[in-house]
A.B. asks: 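If you scroll down you'll find the structure; I have some questions about it.
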Amino acid sequence: MNTDLLPLFVSINQEVVQLSYRWKIFLQLFDSGEENLLLLNTNGSNVFQILQELILDNTILTLSRLTDKEKSSGQENASINNFLAKAKPRLNQISLDELDHTLGRLDSYVQNLRIHRNKAIAHKDMDHAVGARQLPDVTYDDLENSMEELRKIMSKFGKDLFNIQTCYSVIFKFDQDGVGLLGVLKKASN
């Protein structure tokens with residue numbers, strides 16, 4: 001039952017789960033309305049600015065890493081492209097066509113993310129650093145669409161190769177998330 005592919009699947013899937021977890025907290029804190037943004041800005045604005053930037057950078061890095069080529073500098077990557085290359089002989093043509101189509105959409109969404117990863121986050125491109133070149137914008141739509149396509153691909157792998165269903169809905173223990181933190185800040189502000 002494709003047990004040789006399972007460790008790589010689990011590794012990639014754990015990153016997708018963690019990415020979903022971090023992104024939900026990000027949205028709870030930074031995309032939950034003007035009132036909450038004002039609350040964050042009046043109660044630790046520097047801390048929350050750093051947190052916002054770190055989560056965005058981490059999201060870009062993770063999405064870029066998970067969509068890297070099969071190999072970099074001769075070393076295998078734990079990426080969906082490497083997983084697909086290993087799984088291809090075990091998938092039927094309909095599944096391969098669907099995965100290729102979804103991967104094509106994912107690649108278009110991560111294109112600008114990858115530029116940011118390569119020029120500003122993982123490396124310091126000289127032209128960008130000195131202001132000679134502007135990087136393309138990265139939008140929430142790019143990030144969210146990338147995550148959605150990535151989840152579809154991983155769900156397809158899980159179903160077709162391991163007969164498992166994956167779910168990426170994040171459920172937090174009561175008051176242990178961004179909403180809980182906002183509640184504490186509201187109480188402290190009153």
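Residue indices begin at 1 and follow the sequence shown. Since the structure is predicted, the reported quantities are computational estimates derived from the model, not experimental observations.
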A.B. asks: Is there a path from I115 to L66 through hydrophobic residues (I, L, V, M, F, W, Y) whose side chains come within less than 4.5 Å of each other?
C.D. replies: no
A.B. asks: Apply ring pair (Phe, Tyr, Trp, His ring centres under 6.0 Å) to F157 and F9, showing your working.
C.D. replies: CA-CA 8 Å; F157 284 147; F9 175 81; 7.2 Å; no
A.B. asks: In Å and rounded to the nearest 0.5 Å, what is the OG to NZ distance from S189 to K187?
C.D. replies: 12.5 Å
A.B. asks: Would a 4.5 Å heavy-atom cut-off, applied to side chains only, mark I12 and S79 as touching?
C.D. replies: no
A.B. asks: Under 4.5 Å between side-chain heavy atoms, counting indirect links through other Ile/Leu/Val/Met/Phe/Trp/Tyr residues: same cluster for L38 and F48 or not?
C.D. replies: no
A.B. asks: More than 12 non-hydrogen atoms from neighbouring residues, nucleotides or ligands closer than 6.0 Å to CD on E35, yes or no?
C.D. replies: no
A.B. asks: I'd like to know whether L91 forms a side-chain contact (heavy atoms from CB on, under 4.5 Å) with K156, so could you lay out the CA-CA distance, the side-chain angles of the two residues, the decisive distance to 0.1 Å, and finally the verdict.
C.D. replies: CA-CA 10 Å; L91 295 166; K156 182 82 173 144; over 6 Å; no
A.B. asks: Taking all atoms of both residues into account, what is the closest heavy-atom pair of N77 and K69, and its distance?
C.D. replies: ND2-O, 2.9 Å
A.B. asks: Are K86 and E76 close enough that some pair of their side-chain heavy atoms sits under 4.5 Å apart?
C.D. replies: yes
A.B. asks: With a 4.5 Å limit on heavy-atom distance, are the side chains of L84 and I80 in contact?
C.D. replies: no
A.B. asks: Taking N145 for the side chain and D141 for the main chain, is one N or O donor matched with an acceptor at less than 3.5 Å?
C.D. replies: yes
A.B. asks: Measuring from L37:CG to S45:OG, what's the distance to the nearest 0.5 Å?
C.D. replies: 12.0 Å
A.B. asks: Could you tell me whether the side chain of K71 reaches within less than 4.5 Å of the side chain of Q75, counting heavy atoms only?
C.D. replies: no
A.B. asks: For the residue pair F26 and W23, does the interplanar ring angle fall in the parallel (under 30°), tilted (30 to 60°) or perpendicular (over 60°) class?
C.D. replies: parallel
A.B. asks: Within the 4.5 Å heavy-atom criterion, are L56 and L143 side-chain neighbours or not?
C.D. replies: yes
A.B. asks: Counting heavy atoms not belonging to Q93, are there more than 12 under 6.0 Å from its CD?
C.D. replies: yes
A.B. asks: Without hydrogens or angle criteria, can the side chains of S95 and N92 be said to hold a donor-acceptor pair below 3.5 Å?
C.D. replies: yes
A.B. asks: Between the side chain of K159 and the main-chain N/O of Q165, is any donor-acceptor distance below 3.5 Å?
C.D. replies: no
A.B. asks: Kindly compute the distance separating CD (E98) from CD1 (I153), expressed to the nearest 0.5 Å.
C.D. replies: 10.0 Å
A.B. asks: Is it true that R151 and S20 share a donor-acceptor pair across their side chains at a distance under 3.5 Å?
C.D. replies: yes
A.B. asks: Between the side chains of T67 and D107, is a donor N or O closer than 3.5 angstrom to an acceptor N or O?
C.D. replies: no
A.B. asks: Between D100 and R105, is there a salt bridge with N-O shorter than 4.0 Å?
C.D. replies: no
A.B. asks: Does any donor atom in the side chain of E53 or Q49 lie under 3.5 Å from an acceptor atom in the other side chain?
C.D. replies: yes
A.B. asks: Salt-bridge test for R117 and D68: reply yes if a basic N is under 4.0 Å from a carboxylate O, no otherwise.
C.D. replies: yes
A.B. asks: Do side-chain atoms of H116 reach the backbone of P136 as a donor and acceptor pair under 3.5 angstrom?
C.D. replies: yes
A.B. asks: Any carboxylate oxygen within less than 4.0 angstrom of a Lys/Arg side-chain nitrogen, looking at E15 and R65?
C.D. replies: yes
A.B. asks: Quick check: is F162 connected to V10 through a chain of hydrophobic side chains (ILVMFWY, heavy atoms under 4.5 Å apart)?
C.D. replies: yes
A.B. asks: To the closest 0.5 Å, what do you measure between CG (L185) and CG (N36)?
C.D. replies: 9.0 Å
A.B. asks: Would you check if T62 and R22 make a side-chain contact, meaning some heavy-atom pair closer than 4.5 Å?
C.D. replies: yes
A.B. asks: Do the non-hydrogen side-chain atoms of Y109 and L63 ever get within less than 4.5 Å of each other?
C.D. replies: no
A.B. asks: Under the side-chain hydrogen bond (donor to acceptor under 3.5 Å, both in side chains) rule, what do N13 and Y168 come out as? Steps first, then yes or no, please.
C.D. replies: CA-CA 10 Å; N13 198 55; Y168 298 101; 2.4 Å; yes
A.B. asks: How about S32 and L182: do any of their side-chain heavy atoms sit closer than 4.5 Å?
C.D. replies: yes
A.B. asks: Ignoring hydrogens, what is the shortest heavy-atom contact between L61 and A122? Give both atom names and the distance.
C.D. replies: CD2-CB, 4.3 Å
A.B. asks: Please assess L113 against S146 for the test side-chain contact (heavy atoms from CB on, under 4.5 Å), listing each intermediate value before the final yes or no.
C.D. replies: CA-CA 10 Å; L113 307 180; S146 297; 3.7 Å; yes
A.B. asks: Supply the atom-to-atom distance L99 CG to I94 CD1, rounded to the nearest 0.5 angstrom.
C.D. replies: 12.0 Å
A.B. asks: Can you give me the closest heavy-atom contact between F83 and L161, atom names plus distance?
C.D. replies: CE2-CD1, 3.5 Å
A.B. asks: With a 3.5 Å cut-off and no angle check, do the side chains of D177 and Y21 form a donor-acceptor pair?
C.D. replies: no
A.B. asks: When you look at M147 and T59, which way does the side-chain contact (heavy atoms from CB on, under 4.5 Å) test go after all the steps?
C.D. replies: CA-CA 9 Å; M147 285 183 258; T59 300; 4.0 Å; yes
A.B. asks: Taking L51 as the starting point, is it possible to reach L19 by hopping between hydrophobic residues whose side chains are less than 4.5 Å apart?
C.D. replies: yes
A.B. asks: If hydrophobic clusters are built from ILVMFWY residues whose side chains come within less than 4.5 Å, do L96 and L103 share one?
C.D. replies: yes
A.B. asks: Can you find a side-chain donor-acceptor pair between N81 and E70 that sits under 3.5 Å?
C.D. replies: no
A.B. asks: In Å and rounded to the nearest 0.5 Å, what is the NE2 to CG distance from H101 to L106?
C.D. replies: 12.0 Å
A.B. asks: Between N58 and L54, is a side-chain contact (heavy atoms from CB on, under 4.5 Å) present by the stated rule, with each step listed?
C.D. replies: CA-CA 6 Å; N58 181 269; L54 288 172; over 6 Å; no
